Amino acid sequence: MIKQPAMQPNRLPGVVHDPATLKEPFSLALLGWFAKAARDLPWRHTTDAYRIWVSEVMLQQTQVKTVVGYYQPFIDLFPTITDLAAATEERVLRAWEGLGYYRRARGLHQAAGRLVEMGYHNLPPDPAVLALLPGMGEYTRNAVLSQAYRLPLPIVEANSQRVLARLLGVDDDPARGPVRKWLWQASAALVSQHDPGAFNQALMELGSLICTPTKPGCLVCPARPWCAAAASGSPEAIPRKSPRPAVTRVEEVALVVRQGDRWLFARRPASASRWAGLWEFPHREILAGSTGEATLAGLMNDLFGLAAPSLLLGTVRHSITRYQVAMAAYLLELPDTPVPCLPDHDAHAWLHAQQVATTPLSAPQRRLWQLVNRG
DNA sequence: GTCCGGGATG
DNA sequence: CATCCCGGAC
């Protein structure tokens, strides 16, 4: 057996730097730039670990611009971990409505509960304790601890990954395991010991504002003197991006059932893969070989055991992951209804319009509700 | 209309 | 390694 040498990713030809030799000059330039160029974001006015945690979880897979509209209202509703732990999951999900990836909200809520059970009133500066919490991966943990407690922990997420890959000339898919591990080591070698929180924020801010995916602003980049990708002449070629899976089109029918001034909603169970815990109008996919009419009739029969005329309200379109869904909604008015059977849901309720306003729905279901109100 | 970007988890 | 989500850019 031959021992494997330490993993080295493919590097761009020409001058590429060792992370260790870059540390001082790069860190100085980056922090200097950040002091001038940093955006004024709501979560940059606090060192409270809980608030930083909330912002970091919201920012997972979500653009800054979107999070800005959610952060402060969420903090106003749940100012501390204790408040969050005491809230119902439904209220937390309602505050999260529209942000997507609802597992994040459920995880945040559960994590708050566990911390309070353990006797904490905030996140402790202890990576091992944080690692026990749902939704707390290595990135989020280190981002929070470096910002709130100045622990010199590295980060790698999409922005910093792109910045580091370009700076160090990594000519490999950085998402692949060994390359990603190498980038984590590079990030650890570079992170400022004096102000790790600002350094990590600066790395991401640079990726967000200057070192962008398609048109990097190398002419105004503070890291230009050391950047292998800028020297190569086509920095946008790094990192190599893997192709998206093909989009699958899906058609559905939804049943909007009205009884007087109340509407039938059902709750998706905690075990649902998507939109767990959110409420919705009953709906069903039109399977290949079937028709909208047949699917609608089947849904109506399964729910109420009846066949009744219904009126087409309109169609709601949305995209989720690799699916593009068109949902045709039908209105059904029922005078007096026995409790329906709702497969794939763990609860149902007849809600007044005012209650619907405080009930968590997915984005397409909220749009369907708006359609119902206008039509 | 279609494409793009973005961490955690089974 | 596939899956969650949405808004905004194009």
Side-chain angles (χ1 to χ4, degrees), chain A residues 52-71 93 95-111 130-144 153-165 173-181 183-184 187 200 203-205 207-209 211-216 236 238-250 268-278 280 315-327 360-368 370:
Chain A
I52 291 167
W53 176 38
V54 169
S55 76
E56 287 297 343
V57 174
M58 285 186 170
L59 286 162
Q60 290 169 10
Q61 304 297 98
T62 309
Q63 319 243 350
V64 165
K65 193 175 175 183
T66 304
V67 171
V68 163
Y70 282 83
Y71 172 78
L93 284 172
W96 205 268
E97 186 185 296
L99 265 184
Y101 294 102
Y102 298 93
R103 168 184 305 195
R104 295 180 295 172
R106 293 165 28 90
L108 206 54
H109 183 229
Q110 280 177 33
L130 267 55
L132 300 173
L133 304 173
M136 192 67 91
E138 190 164 17
Y139 162 73
T140 307
R141 190 160 63 241
N142 289 0
V144 171
L153 299 168
I155 55 152
V156 175
E157 43 65 73
N159 283 309
S160 44
Q161 174 175 289
R162 189 172 57 252
V163 170
L164 293 172
D173 180 359
R176 288 194 54 185
V179 181
R180 196 165 173 82
K181 189 168 181 182
L183 284 173
W184 274 96
S187 188
N200 285 339
L203 210 52
M204 295 188 283
E205 194 80 337
S208 184
L209 298 180
C211 194
T212 52
T214 51
K215 291 177 187 171
E236 69 285 348
I238 291 182
R240 199 212 102 196
K241 45 193 168 186
S242 52
R244 280 198 167 208
V247 170
T248 303
R249 284 175 170 73
V250 174
R268 300 176 66 87
S271 59
S273 64
R274 68 175 71 143
W275 296 317
L278 302 193
E280 63 188 13
T315 300
V316 171
R317 292 179 167 75
H318 68 284
S319 292
I320 174 164
T321 317
R322 58 191 195 85
Y323 301 96
Q324 198 175 86
V325 183
M327 181 172 63
L361 312 181
S362 66
Q365 290 285 327
R366 183 63 68 187
R367 272 189 280 132
L368 174 50
Q370 286 163 355

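Computed from a predicted model, the values in this text were never measured in an experiment. In the text below, chain A, chain B and the rest are named by the order of the sequence lines, each starting its count at 1.
- Residue contacts for Arg104(A): at a heavy-atom cut-off of 4.0 Å it reaches no nucleic acid atom on any strand shown.
- For Arg249(A), the side-chain atoms get nearest to dG1(B) when compared with the rest of dG7(B), dC4(C), dG1(B).
- Residue Gln324(A) contributes atom CD, which lies 14 Å from atom C1' of dC4(B) at whole-angstrom precision.
- Taking atom CG of Leu59(A) as the reference point, atom P of dC5(C) lies 18 Å away to the nearest angstrom.
- When all heavy atoms of Arg104(A) and Val57(A) are compared, the pair lying nearest together is NH1-O, 3.1 Å.
- For dG6(B), one of the phosphate oxygens OP1 or OP2 lies less than 4.0 angstrom from a side-chain nitrogen or oxygen of Arg162(A).
- Gln60(A) and Thr140(A) form a side-chain donor-acceptor contact under 3.5 Å, judged by distance and modelled atom types alone.
- Side-chain atoms of Arg162(A) come within 3.5 Å of backbone atoms of Cys211(A) as a donor-acceptor pair (strictly under, hydrogens ignored).
- Atom CD of Glu138(A) is separated from atom P of dA8(B) by 9 Å (rounded to the nearest Å).
- Contact check, Gln60(A) against dA8(B): a side-chain N or O comes under 4.0 Å of OP1 or OP2.
- At a threshold of 4.0 Å, the pair Glu97(A)-Arg366(A) counts as salt-bridged, since one of the basic side-chain nitrogens sits closer than that to a carboxylate oxygen.
- Listed pair Arg274(A) / dC4(C) meets the phosphate criterion, a side-chain N or O lying under 4.0 Å from OP1 or OP2.
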Which atom pairs link the protein and nucleotides 6-10 of chain C when you take only N or O atoms and keep those under 3.5 Å?
| from | atom 1 | to | atom 2 | distance (Å) |
| --- | --- | --- | --- | --- |
| dC6(C) | OP1 | Tyr102(A) | OH | 2.9 |
| dC6(C) | OP1 | Ala363(A) | N | 3.0 |
| dC6(C) | O3' | Gly98(A) | O | 3.2 |

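- In this structure, the side chain of Arg141(A) does not engage the main chain of Leu130(A) through any donor-acceptor pair within 3.5 Å.
- Within 4.0 Å (heavy atoms only), Pro245(A) reaches no atom of the nucleic acid at all.
- Between Arg274(A) and Thr321(A), the side chains place no donor N or O within less than 3.5 Å of an acceptor N or O (distance only, hydrogens not considered).
- At dG7(B), none of the side-chain N or O atoms of Thr140(A) fall inside 4.0 Å of OP1 or OP2 (strictly under the cut-off).
- Judged purely by distance below 3.5 Å, without hydrogens or angles, the side chains of Glu157(A) and Ser160(A) pair a donor atom with an acceptor atom.
- One interatomic measurement links the two molecules: CG of Asn200(A) to P of dG7(B), which rounds to 13 Å at whole-angstrom precision.
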